[in-house]
Each structure stands twice: as C-alpha cells, then as structure tokens.
Number of protein chains: 2
Amino acid sequence: MPSQPASMRDVAHRAGVSLSTVSRVLRDAPGVAPEVRQRVQRAADELSYVVSRNASGLVTGRTGRVSVVVPFLRPWFFGAALSGISDALREADLDMLVYQVGETRSREGWARALPLRRNTDAVVTVSMDLSEEECRRLEDVGVPMVLMGQKVSGRASVYIDDRAGTAGATRHLLNLGHTRVAYIGSRSEAWYSTSSRHRLEGYEAAMAEAGLSPWPVVKAPGHTGGELAMGELLSDHEPPTAVLAEFDDIALGAHRTLRRAGVRVPDSISLMGFDNHDAAAVMDLTTVDQAPYDSGLTAGRLTVDILNGAARHTHVEMPTQLILRQSTAAPRTTRGLFP
Amino acid sequence: MPSQPASMRDVAHRAGVSLSTVSRVLRDAPGVAPEVRQRVQRAADELSYVVSRNASGLVTGRTGRVSVVVPFLRPWFFGAALSGISDALREADLDMLVYQVGETRSREGWARALPLRRNTDAVVTVSMDLSEEECRRLEDVGVPMVLMGQKVSGRASVYIDDRAGTAGATRHLLNLGHTRVAYIGSRSEAWYSTSSRHRLEGYEAAMAEAGLSPWPVVKAPGHTGGELAMGELLSDHEPPTAVLAEFDDIALGAHRTLRRAGVRVPDSISLMGFDNHDAAAVMDLTTVDQAPYDSGLTAGRLTVDILNGAARHTHVEMPTQLILRQSTAAPRTTRGLFP
DNA sequence: CACCCTCATGAAAACGTTGCCATAACCCGG
DNA sequence: CCGGGTTATGGCAACGTTTTCATGAGGGTG
C-alpha cells in the first residue's frame, strides 16, 4: 500500500524490464514476448498501477476525456441523457467531464471560461441551443463536437423531431374527436429554446391541417406556468375539451388546476404532455416519449466514432413514441365541464 | 484562429517574455511587474490560450479534477446532488468527472476499474453505501474521499438523519390524531440500502414512542411497489388511516392505487412521502425535504476545503424539513373508507 | 561610493508517459 | 559459416507545464 502511487518506472524495475517495454505492454502494443508481457502485467497488478492519463495525454495529444456541457443538471431530462452518454463513453474507456453552465450562459464568456482547450478530446452539448456564433467559438477549442437536442447543419447532431412529435400528439386528440384543442407553451427570457418553438409549430401545423384554428397559451416554464395557463383556459367562455402541453411538467401543473377545480380528466377535459417524465406514468398522463437515455447513448457513440475517425452518419434523428395512458379520451357529447 | 492550440511558448513569444513569467502570470503568482503582467494577460487572451491541466498536473501532482461516483444517473436525486457538487467545484475552479457504476457494482472490481489513480484529486461518492472494505479499496487510490448520503466514522461524510426524518414524519401523522399508521418500505436484492433501513427504524421508533405497534409493508422499490403495497393495505380488514412511504416515488404509486380505488386523499387516507421529489409538489404530497442540492453543495465545498488542507468538520449532518401539503389531514371520525 | 537587499526575470531540470531509433539476438537460406 | 531479415528490447528526446535556482538591475544605507 504505497502512499506515493506507483509510477511506470516502479513497474519496470519490478518486472526487470525497461520503461518502453512496460509502456508497450500496457498499451497492448505488439512486439513484446508473451512471457515478458505476462511478467509486466503481473508487476503492474501487484502495484495496482494504472497509467496516468495526464502524462500519456501529454505526448499522445489525447486526453481520454470527453466534456459534456449542459445548461442544468437538475431536471430529470439531463440525468437520463448523461446516463446514456456515460454508458457509451464507458464502452470506449473514455472518462466524462460534466460542465453545468446554467446562469453563466448569459454572461458572454462561458465557452472560453471552460478550460476545455487542451483538456478534452471532444465536446458534447446537451440541449444548449447554441447560436451559430457560440458554435464557432466552441469549435475554436479545436476538438470535435456533437450537439444533442439541437440540429445544426454541418455539425454532428442527435435530436428528435419536435414538430412531428407535437403534430402527432395533436392528431391523436383530433382523431378522438376533439375540435377545441388548446396548447400550453412556455417562454423564458433567460433561455431561448428552439425545441419550444418547434413544438408549438407542430401543434399549429396539425391544427391547420384539420382546418382548425390554433389556441396557444404561453406562460413561464415549469408547473406553475401550467397551473396558470389552465386557469386561464377554464375561465374562457367556452373552455377547450382537450389540452396539449409543451412538456409533462406543464401538463402536471395543468392537471393540478383541474383537480382543484374539480374538473375530471379525461371525462371533461383530455390532457396530454410531452417527454414521458417519470411522474407521467404515475399520473396516468398520455404523453410523447423521447427517450433521452437512448439519445444520450447515441450521441455518446457518435462521439466515439468520430474520435476513431469512423463516423458515418453525422445527423441522427431519434424517434418519438406516443404513450397512451388514461388522461385522453373522446370528448363528451354533452356540453359543459361538469356533467 | 490556430488549428493547433496555442501553447505557453506561443504566449511567451507574443508577449516578449520567458516561459517562467507567463506561468507566473497565469497562476497569479507574485513577482511580476504590473505592466508585464498585463501584457502577458493580453497575449494569452488574444490567443485564447488556457493552461493545459494535463501538463501542469504532471508537475504539481494536482489534476484539478474531482471524481464523483454515483450508482445511477437517472433518478432525480442524483441530478440535484451533482448540480450542487458541480457548483461547489466550479467555485474552486475544479472540474468534475462523473462515473456511473450502476450494474458494474456487483462485479468486484469497480473500484480499481476506475482509472482514478493518478487522474483525480479527490473522490466524492453519492449514495453508494460502501462497505468498510470498499471504502478501504477506494482509499487506496491515495486521494481524499468524501461520502455523501452515508455516514462512516473516520471518513468525511455528508448525510441526512434518515431516522429523524421518518420519525418526524410519523409524529406529524400521529399528532393529527391517526393511530393506524402504516409504512411502505422497499427492498431490492441488487442494492442494499442503509438509508432504507434507517427510515424504517425512524418510523418504528416514533410508533413505539406513542405506544402503537408498527405496520410495515415492504415491496420492490419504485412506484410499482407503492401501488402493490397500497392495494394490500386497502384489502386489510381494517385499513390504515394514514400511510407513510419510504420515498416519494412509492407514495406516488400508492396515490395512484388510491385514485383508482376511488379513495380520497386526505379525506379517507392521509398519505406522506419522503424526498420532496419534483412531482410531489404538483401532486400536493406532504413530504420531507432533504435538499440534495444543498447536500451536494456542502459535500463539494467540504472536498475543496480538504484539498486546501482547511477542512474542519469532517462530518456534516444536513437538516431535513417537513413540507406540509394537502395530502395529510386529521382522520375522519366516522369509520370506513367511503363517507 | 561600496555594500547588501529586494525584486523582476530567465534558464534549466523535473514530472510520467509515448514515439522513434538503435541495438542485440535470433532464424533462415545459400 | 556468413549475410540479410525479422523480432524483442532499451535509450532518449519529446510533450507543456511548474519549480528551483541563478542573474542582474535598482535603491537605500552606512
């Protein structure tokens, strides 16, 4: 149990060979006699020695590390995404650095504030909605980058088709026979979200296709926004019979308002979310699954492929999946919220 | 816009000084004339140069990186914890490596499989419930370690008092006048959890204190377990009037069963969770907040302090907080689930 | 004016690896 | 038995920093 960690020299000494040979063995490089190889391996094990990525990176130029940049770490979505990325990187024996840039973002310098320059082999951004200029700045770091949750032409991206997702969701409600279908979206000043815009567009397109006029209500993100928006909708002179929310958290907020108002779901109002949040299952909320774990896994593997120079598809569109639960149903034939 | 990232030599050349001087400037080391300092700083900025942690770590022995080891990344709890740790490390300009060891854990070698040895300054484990032996193996890595969500004497730990938490929760229900208070716990074969045991003990202690006999039901973790357990409780010849769940997810599962059975909360049965999960707010679930973000922040700062040799308290107990919402109330005076 | 101190600066030796080149040992065919 | 090729091994110079030590320029004091 050495208080100073063993170095390659120690291993070499113990195995009675030179540094070069030890290096070759530990890198699985050819040109070492099997017997010697075994001896070195044993010596390394006995000293529980592992190669310093620091030192090897210095000469190879590879750090064995991939940086993942996320706006936030708390929302459910990012945990799932990170989990996928982590698993993919582990397969390739790469370590994962995580940078949460949250509030820093508004300040101009977050991209350069991150010590990425010589310290990472690749950068994966998750739902960062980077502007063209931010992309360029990040590219300046000089390592490959993969964008998850954002589609940028000319740059490797893994994303879902938000428009198709909400369009499908909307059609589900229309197919049930609803005609008064409202949409609760979000807008935050701190964070401009492309996916937010796309989801609204998908809804609008499906409504237009059915010859109906869209009915969007936009509030601050989070469940509070959903609560307020639903309150507003309930106070309309003729409330909607179905409501689609931009994401599950909003839908859950809306659900709370309905519960308090004594409006039954789906009897009086059908409610739908988007994301397939953990809590959606337990709340029996019909939603659209976007499998962030799978996206993360894909993004991670894509990164590995690019690093190995074996990347083929640089744009990957992940499928979304309608999850039918108990919160949507055909509209009642009688009018009014309370039968 | 150099395709090869700039090195310190380039900066030195551009500023017309030696390597040593550049190094001193960028480390904020004393002994540089203000005018020169400024000149070097500018040169570095223009080349958008950042120090290679790889190279500096090689000589200082510090990597500027802290490893965080978690069993899983997906559950809500870990995102919040990581967020706090990340913020704390960022304050000290340390990078965060994340290792998700999930299933690997059962295999003996996860601790040594981690290439931590020379590649990290400290290790933070989150809810890993390490055995004494695993602790020792991890300590072999030769860097300070901080345990979050686990109390181990002689080792830096940040944790909550699970026993006190459930005891307080139980007393809340007892104070409302309930006498038939059941507890839904979890047990998984893959994962032995100390906190799980402690929470049960807290409940039992509070019940004993009130002279009541405990009524625990143990199922698999997750909301499915909650659903099943609640079904079981409802089929008792005299169902409980209040139920405490080991964590919110279980409580939410139980809530679903109640909803389906048409049993009203809190009118007929009071329901309580533990954790203050995102979804608990939206479901109006009374619960116990354990602020994983704050724990993460504390653990992160403790790590930084230890690294700076300034650690004072190596054991930090984080407070828990009862969050009163709408799912608990005094028991009805009339008997039966349906008034 | 000589002396010693302080302060700013530069030169050079680490740090722990990998890559390249040299060397030694061996095998094979002529 | 000798030349040429292959294969295993060692030596040494990088890689980009920090750190230690040396040097030299001023500046105050006696």
Side-chain angles (χ1 to χ4, degrees), chain A residues 2 4-41 43-44 47-65 93 115-121 141-142, chain B residues 2 4-41 43-44 47-65 93 95 115-121 142:
Chain A
Q4 284 292 70
S7 87
M8 204 171 225
R9 196 202 304 290
D10 304 323
V11 179
H13 194 258
R14 184 173 246 253
V17 294
S18 75
L19 274 178
S20 320
T21 304
V22 177
S23 175
R24 272 188 282 260
V25 170
L26 297 178
R27 272 179 302 129
D28 273 326
V32 179
E35 189 249 341
V36 177
R37 188 176 288 272
Q38 207 174 13
R39 186 149 43 95
V40 171
Q41 198 59 260
L47 295 170
S48 57
Y49 166 82
V50 292
V51 176
S52 156
R53 287 219 153 133
N54 249 6
S56 72
L58 198 51
V59 37
T60 59
R62 293 196 129 203
T63 61
R65 262 170 252 129
D93 213 39
L116 296 176
R117 201 147 215 95
R118 237 176 238 279
N119 301 311
T120 199
D121 289 346
V141 173
Chain B
Q4 285 292 67
S7 87
M8 204 170 217
R9 196 203 304 292
D10 303 322
V11 179
H13 194 259
R14 182 172 246 252
V17 294
S18 74
L19 275 178
S20 322
T21 305
V22 177
S23 174
R24 273 187 280 258
V25 171
L26 297 177
R27 272 178 304 125
D28 274 326
V32 180
E35 190 249 341
V36 177
R37 187 176 289 270
Q38 206 173 14
R39 185 148 44 94
V40 171
Q41 199 58 260
L47 296 170
S48 58
Y49 166 81
V50 293
V51 175
S52 156
R53 290 223 152 129
N54 249 5
S56 72
L58 197 51
V59 35
T60 58
R62 295 195 128 202
T63 61
R65 264 170 250 126
D93 214 40
D95 288 347
L116 295 177
R117 201 149 214 94
R118 235 177 239 279
N119 301 310
T120 200
D121 289 346

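These figures come from a predicted structure and were not determined experimentally. Residue numbers begin at 1 in each chain, while the letters A, B, ... track the order of the sequences.
- The phosphate of C:dG10 has OP1 or OP2 within less than 4.0 Å of a side-chain N or O from B:Ser18.
- Between B:Met8 atom CE and D:dT17 atom P the separation is 6 Å, expressed in whole Å.
- Distance CD (B:Gln38) to C1' (C:dA8): 17 Å, rounded to an integer number of Å.
- The separation between A:Leu26 atom CG and C:dG16 atom P is 15 Å, rounded to whole Å.
- The CZ atom of B:Arg9 sits 13 Å away from the C1' atom of C:dA12 (whole-angstrom rounding).
- Computed from coordinates, the B:Leu58 CG to C:dG16 C1' distance equals 5 Å when rounded to whole Å.
- The shortest distance between the side-chain N/O atoms of B:Arg24 and the OP1/OP2 oxygens of C:dA8 is not below 4.0 Å.
- You'll find the side chain of B:Leu47 stays beyond 4.5 Å of the side chain of B:His13, heavy atoms only.
- Of all nucleotides listed (D:dG10, D:dT9, C:dG16), D:dT9 comes nearest to the side chain of A:Val32.
- Here C:dG19 presents its P atom at 14 Å from CG of A:Leu19, a figure rounded to the nearest Å.
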Practice problem: Starting from the C-alpha separation in whole Å, work towards a yes-or-no answer on side-chain contact (heavy atoms from CB on, under 4.5 Å) for B:Arg39 and B:Val17. | Solution: CA-CA 9 Å; B:Arg39 185 148 44 94; B:Val17 294; 4.1 Å; yes

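- Each of D:dT18, D:dT17, D:dT9 was ranked by its minimum atom distance to the side chain of A:Val36; first place goes to D:dT9.
- For the atom pair OG1 (A:Thr120) and CZ (B:Arg53), the distance works out to 12.0 Å, reported to the nearest 0.5 Å.
- Side-chain to base pairing of B:Ser20 with C:dA11: one donor and one acceptor N or O lie within less than 3.5 Å of each other.
- Applying the 4.0 Å criterion to OP1 and OP2 of D:dT19, one finds that B:Arg27 has a side-chain N or O inside that range.
- Here the C1' atom of nucleotide D:dT19 and the CZ atom of B:Arg62 are 16 Å apart, to the nearest Å.
- Residue B:Thr60 holds its OG1 atom at 8.0 Å from CG of B:Asp121, rounded to the nearest 0.5 Å.
- Counting heavy atoms from C-beta on, the side chains of A:Val25 and A:Gln41 come closer than 4.5 Å.
- If you check every strand for non-hydrogen atoms under 4.0 Å, B:Arg53 touches nothing.
- Among the nucleotides D:dG10, D:dG16, C:dG19, the one closest to any side-chain atom of A:Thr60 is C:dG19.
- Contact check, A:Ser23 against C:dT18: a side-chain N or O comes under 4.0 Å of OP1 or OP2.
- Of the listed nucleotides (C:dT17, C:dT18, D:dT9), D:dT9 has the atom at the smallest distance from the side chain of A:Ala33.
- Atoms CG (A:Asn54) and C1' (D:dA14) sit 17 Å apart, rounded to a whole Å.
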